[in-house]
Each structure stands twice: as structure tokens, then as C-alpha cells.
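Since the structure is predicted, the reported quantities are computational estimates derived from the model, not experimental observations. Quick note: residue numbers are just sequence positions, from 1. Computation of the quantities below employed the complete heavy-atom set of this structure, encompassing side-chain atoms and omitting hydrogens, waters and symmetry-equivalent molecules.
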Amino acid sequence: MLNSILQEFLSFLGMDSLKQFIAPLGTSIVTVYIAFKWLGKSWIEHKFSAALQKSQAKHDEALEQVRMRMNAALDRQIKLYAWEFEILPGLWEKAVNAYSAVFDFLPPNHMHRFDLEGMTEEELAKELEQFPLAASQKEKLKNSTDRNNLLFEFMYPHRRQSVNAALGDFRDEIYKQGIFVNSDVREKLDSLFKILTRAKIEDEGNFDNKRLEPHREHLSAFSLQGGKARKSLEMAIRHTLWHSESN
């Protein structure tokens with residue numbers, strides 16, 4: 001046991017070469033005494049101090065590396081949070097615009113602007129000024145007995161272009177900025193975009209194919225889940241902006 005301790009002590013002092021000299025002397029207390037007497041007290045203290053300083057230096061270096069890694073990680077996290085705060089208002093604006101555009105585009109809300117029945121010729125002419133229609137289309141509307149549905153048909157391509165633009169802006173904002181937001185917000189952005197897009201595509205299919213029995217799967221999903229998905233996204237963004245935690 002004593003010999004083992006002495007061997008470890010010599011290793012600590014960086015004197016592994018003396019182990020061969022000490023080993024044959026055995027494990028008695030005399031061996032340890034001879035070793036210490038031979039080495040000298042002051043010399044041992046000097047070597048011991050140097051070894052401690054070397055060990056302390058390694059310890060300090062390891063602590064400094066840990067500190068640097070922690071500071072780098074904290075700095076990166078602070079910058080990410082700051083950027084998240086910058087982009088969330090823009091993402092929310094695009095989400096609201098897209099939701100509103102799809103809401104107005106889909107039935108039954110798509111007809112709320114089209115009410116031409118019972119208008120005089122003068123009133124009709126003034127009302128039609130707000131719509132981007134060709135002169136021939138306006139003339140057909142004046143002579144139609146089903147003005148509202150005809151106006152809906154004429155306006156559908158324009159409204160499709162408008163809703164596609166709003167969804168496109170929302171999609172592009174998610175693609176560009178979605179990587180910088182926390183996982184909860186990103187998941188809810190993707191979920192809302194999917195609900196809006198699928199409902200819009202289904203309605204387009206019903207119109208383009210003039211389906212007598214319109215498909216309703218994704219339109220129903222929008223009616224049941226669209227508002228909830230928008231509200232869920234709002235709550236996730238609100239939590240991120242007003243709480244320190246972020247996933």
C-alpha cells in the first residue's frame with residue numbers, strides 16, 4: 001500500500017523514472033522514509049508546488065473553455081430571441097391576411113359583396129365601377145335576370161388571384177422566417193397554411209368543374225378548424241412575445 005502511494009506520488013511529481021529505483025526497496029515504512037530523505041524536503045515541496053500549479057492551470061483552462069462555450073451559446077440564444085421578436089409581427093400579419101382572404105373567398109361568405117338585384121340602371125352602373133370588369137361583362141350584367149350569380153362568375157378569376165397572392169405571401173414568409181421561430185409557432189403556422197390552402201383548392205375545383213354536388217371535405221375542415229387554428233397560432237405568438245420561455 002505504501003509503495004503504491006509512493007509510486008502515485010512520484011507520478012504526480014513527474015518523476016516516473018524513479019519508480020524503478022524505489023520498487024525493489026519494498027513496501028515498508030523504511031522505504032518511504034529513505035525515499036523522502038533521499039529526495040529532500042525542500043526539493044519535494046518545490047516539485048509538489050510545481051505539480052499543483054500545473055494541475056491548477058489545466059483546471060483553469062478547462063473552466064475557461066466551459067465559460068466560453070456557455071457565453072457563446074447564451075449570446076446565440078439572445079440573438080435568436082431578438083430576431084424572433086422582429087419577425088413574429090410580420091408572420092402574424094401575413095397569417096391574418098391569408099385567413100381573411102380565404103374566409104371571404106369561400107362560401108357562404110363569397111357572395112356577401114354581390115347584391116345587384118333590384119338596382120336601377122343608374123345605381124347598377126355606379127356599383128359596377130368598383131369591379132374590374134370588361135365593358136362586355138358589365139353590359140351582360142345589365143341585361144341579366146340573375147345578376148348576383150353572373151357577377152360572382154365574372155369576379156371569380158379576380159378573387160382567385162387575390163387569395164392566391166395572400167396565400168403566396170403567407171407561404172413565402174413561412175419559408176423565409178419559419179426557421180427562426182420556436183417549434184410550437186412553426187407547427188401552428190404550417191397547420192393554418194395547410195387548412196387554408198386545401199379549402200381554397202377544393203373550392204376552385206368545385207367552380208372549375210361546375211360540380212352539381214360540390215366537394216366539402218376541406219371546406220368543412222376550414223369551417224370547423226380554421227378559426228381555431230388561427231386562434232391557436234395567435235396564442236402561441238402571444239406566449240412567445242410576452243413570456244421569457246421559448247421552445
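The environment of K140 atom NZ is sparse: at most 12 non-hydrogen atoms of other residues, nucleotides or ligands sit within 6.0 angstrom.
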Walk me through it: do E122 and K126 pass the test salt bridge (charged side-chain N to carboxylate O under 4.0 Å, His left out)? CA-CA 6 Å; E122 183 179 351; K126 184 176 181 179; over 6 Å; no
For Q177 and V181, what are the C-alpha separation, side-chain angles and deciding distance, and is it a side chain to side chain contact (heavy atoms under 4.5 Å, CB included)? CA-CA 7 Å; Q177 310 292 8; V181 301; 5.7 Å; no
Test side chain to side chain contact (heavy atoms under 4.5 Å, CB included) on R159 and F105; report intermediate values, then the result. CA-CA 7 Å; R159 295 173 57 251; F105 181 75; 3.8 Å; yes
Full working for side chain to side chain contact (heavy atoms under 4.5 Å, CB included) between H218 and I195: CA-CA 7 Å; H218 299 302; I195 292 172; over 6 Å; no
So D203 and N206, side-chain hydrogen bond (donor to acceptor under 3.5 Å, both in side chains) or not? Walk me through it. CA-CA 5 Å; D203 187 76; N206 291 335; 4.9 Å; no
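Taking the six-membered ring where tryptophan is involved, the planes of F207 and F152 are perpendicular, since the angle between them exceeds 60° and thus also 30°. Using cut-offs of 30° and 60° on the angle between ring planes, the pair Y99 and F103 is parallel.
Between R160 and D208 a salt bridge is recorded (basic side-chain N to carboxylate O distance below 4.0 Å). The pair E204-K200 meets the salt-bridge criterion, since a charged nitrogen lies less than 4.0 angstrom from a carboxylate oxygen. Remark: K194 does not engage D190 in a salt bridge, criterion side-chain N to carboxylate O under 4.0 Å. Ion pairing between E234 and R238 holds under the 4.0 Å rule for side-chain N and carboxylate O.
Residue W92 forms a side-chain contact (heavy atoms from CB on, under 4.5 Å) with just one option from L189, L233, I87, N97, and that option is L233.
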